[in-house]
A.B. asks: 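The structure follows.
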Amino acid sequence: MFKTKAAVLYEPNKPLMIEILDQEEPKHGEVRIKTSVAGICASDLHYMKAELNIDKPVVLGHEGAGIVETVGPGVQNFKPGDRVITAFISGCSNCTYCLSGFVNLCTTSAALGTKQYDGTLRLKNGSQSIHQMQKLGLFSEYLICPQQSLYKIPDEVPLDVAGLIGCAVSTGIGGILNSKGAKPGIDVVIFGLGGVGLSTVMGAKLLNCNKIIAVDIKDHKLEFATKFGATHTINSSKTDVVEEIMHITHDGADMTFDTFGNSQVTNDAIKTTKRRGTTVVIGLAPVGESVNVDMVDICRNQKTLEGSFYSSISPHESFRQIIGHYLKGEIDIRALIERTYKLEQINEAFEDLSEGQDGRGIIIFPN
Ligand SMILES: [Zn+2]
Ligand SMILES: [Zn+2]
């Protein structure tokens with residue numbers, strides 16, 4: 001049996017356990033990749049803290065890149081040695097959303113959750129089956145996933161940069177560029193400066209926005225955001241954020257983004273959106289979180305509240321566009337990477353994320 005070292009979540013609010021797991025061979029349409037890089041994302045942390053539900057035991061990790069190791073029967077577009085980004089929504093290719101190009105909204109993938117498209121699992125610890133987050137589970141030296149999860153990258157794109165494109169960078173840049181109200185010259189506010197928030201700032205700069213106002217509760221994160229294009233920064237723990245944004249923009253911003261996923265933040269984002277403007281919720285809130293919206297404000301001021309999931313378009317199309325910007329030197333994705341860890345340091349990596357350190361942490365696997 002093929003073996004892989006992986007970090008497993010058995011119970012919420014307990015450390016991830018490093019284990020050697022058995023891995024089956026890839027089945028029809030599946031690929032084994034050797035993981036090169038895995039990003040440490042707040043979505044993983046939601047599952048670790050039981051703020052979102054997932055089948056357990058599970059190998060988390062949904063942002064990363066690697067190298068194709070083995071291809072299963074029926075796989076035509078990949079061969080061993082290909083360098084790939086993993087998409088955390090692979091798409092079934094058959095549902096109405098996949099067939100209309102919105103692979104990020106695939107209903108079959110969502111219904112199957114951690115299982116592969118034949119409804120089964122590929123990992124075991126002894127007799128116990130282990131789930132893979134989003135059919136990936138990148139906190140493992142090797143993983144098996146559907147071929148649709150993979151996007152081949154050119155040699156000029158380093159694997160650490162590619163890894164971040166798999167979640168944070170696509171979610172943030174796509175969250176602004178693919179939203180309806182996005183156009184050059186607008187004023188925007190970005191609430192929350194984690195990997196997704198910083199990527200949204202990057203997207204705002206790419207779009208040539210006018211005022212790019214970054215909001216967070218940590219001064220060092222605000223300072224860090226200026227590297228990516230923030231023109232104004234506000235520490236919302238020290239000042240009345242709504243008043244401050246109104247002061248900077250006079251009448252509110254054309255677009256506001258909650259990249260954190262919190263009812264208070266979304267409400268502040270709606271309040272600071274100008275007439276006919278749009279508030280976009282990009283950050284994933286804990287399950288059950290809801291917002292009380294001032295309906296008079298929404299109606300009289302013709303405000304729009306919309307959601308953006310995984311760049312709002314097909315991840316493959318999002319990856320293609322972002323790689324294009326990267327290769328032209330328009331975005332510095334590597335500047336997001338502040339910390340690197342070994343797989344064995346994964347619990348420390350999540351502690352650093354919880355403490356709100358700057359930029360992205362990534363796990364680098366040995367070659
Ligand atoms: Zn993520
Ligand atoms: Zn589908």
Side-chain angles (χ1 to χ4, degrees), residues 7 9 29 35 37-49 51-52 54 58-65 85-119 132-139 143 145-149 160-175 192-200 258-261 281-286 307-319 322 333 336-337 346 349-350 352-354 359-363:
L9 175 69
T35 310
V37 174
I40 300 292
C41 178
S43 304
D44 302 299
L45 197 58
H46 278 319
Y47 293 116
M48 291 165 68
K49 291 180 168 175
E51 292 167 347
L52 291 171
I54 193 163
V58 62
V59 177
L60 299 174
H62 62 283
E63 170 182 281
I85 302 178
T86 53
F88 70 77
I89 305 285
S90 44
C92 70
S93 314
N94 291 308
C95 74
T96 48
Y97 295 97
C98 283
L99 291 172
S100 54
F102 294 97
V103 174
N104 60 319
L105 300 176
C106 174
T107 48
T108 318
S109 174
L112 283 164
T114 55
K115 299 191 180 93
Q116 300 296 321
Y117 282 106
D118 70 354
Q132 288 170 253
M133 178 179 179
Q134 303 292 143
K135 313 186 194 327
L136 297 176
L138 282 140
F139 301 149
L143 66 92
C145 65
Q147 59 179 334
Q148 311 92 281
S149 302
D160 54 355
V161 165
L164 264 61
I165 296 174
C167 175
V169 173
S170 294
T171 301
I173 292 183
L193 297 172
V196 172
L198 290 167
S199 300
T200 312
D258 175 4
T259 73
F260 188 67
V281 177
I282 304 182
L284 208 50
S308 171
F309 182 52
Y310 206 6
S311 81
S312 305
I313 57 172
S314 159
H316 280 53
E317 176 57 11
S318 181
F319 296 169
I322 288 168
I333 295 173
L336 284 170
I337 303 170
I346 192 160
F350 278 105
D352 291 343
L353 177 69
S354 299
R360 203 62 156 179
I362 58 170
I363 291 179

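The analysis underlying the following values was restricted to heavy atoms, covering all of them including side chains, and did not include hydrogens, waters or symmetry mates. Start at 1 with the first residue, then count along the sequence. We count ligands from 1, going down the list as the structure has it; atoms in each ligand are counted the same way.
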A.B. asks: Is there a side-chain contact between Ile40 and Arg360 (heavy atoms, below 4.5 Å)?
C.D. replies: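 Contact flag for Ile40/Arg360 side chains = no.
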A.B. asks: Is a donor on one side and an acceptor on the other found under 3.5 Å between the side chain of Asp44 and the backbone of Cys41?
C.D. replies: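 Side chain of Asp44 to backbone of Cys41: a pair is present.
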A.B. asks: Find out whether Ser314 and Phe319 are in side-chain contact, i.e. whether some heavy atom of one side chain is under 4.5 Å from a heavy atom of the other.
C.D. replies: no
A.B. asks: Using the salt bridge (charged side-chain N to carboxylate O under 4.0 Å, His left out) criterion, which residues pair with Asp160? Sequence neighbours excluded.
C.D. replies: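 Once residues adjacent in sequence are excluded, the partners of Asp160 under the salt bridge (charged side-chain N to carboxylate O under 4.0 Å, His left out) criterion are Arg334.
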A.B. asks: I'd like to check the side chain to side chain donor-acceptor pair (under 3.5 Å) partners of Ser312; sequence neighbours left out, ordered by chain and number.
C.D. replies: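 If we apply the side chain to side chain donor-acceptor pair (under 3.5 Å) test to Ser312, skipping adjacent residues, the hits are Ser308.
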A.B. asks: Is a side-chain N or O of Lys135 found less than 3.5 angstrom from the main chain of Lys115, in a donor-acceptor match?
C.D. replies: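 Confirmed, Lys135 side chain pairs with Lys115 backbone.
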A.B. asks: Strictly under 2.8 Å of the Zn ion (ligand 1): which protein N/O/S atoms qualify?
C.D. replies: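 The answer, once waters are left aside, is Cys41 SG, His62 NE2, Cys167 SG.
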A.B. asks: Give a yes or no answer on whether the side chain of Ser170 reaches the backbone of Ile165 with a donor-acceptor pair at less than 3.5 Å.
C.D. replies: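 Confirmed, Ser170 side chain pairs with Ile165 backbone.
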A.B. asks: Please determine whether the number of non-hydrogen atoms from other residues, nucleotides or ligands lying under 6.0 Å from atom OH of Tyr47 exceeds 12.
C.D. replies: yes
A.B. asks: Look at the rings of Tyr310 and Phe88 and say which category their plane angle falls in: under 30° parallel, 30 to 60° tilted, over 60° perpendicular.
C.D. replies: parallel
A.B. asks: Tell me, which protein N/O/S atoms are under 2.8 Å away from the Zn ion (ligand 2)?
C.D. replies: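 Counting only protein N, O or S atoms under 2.8 Å from the Zn ion (ligand 2), the list reads Cys92 SG, Cys95 SG, Cys98 SG, Cys106 SG.
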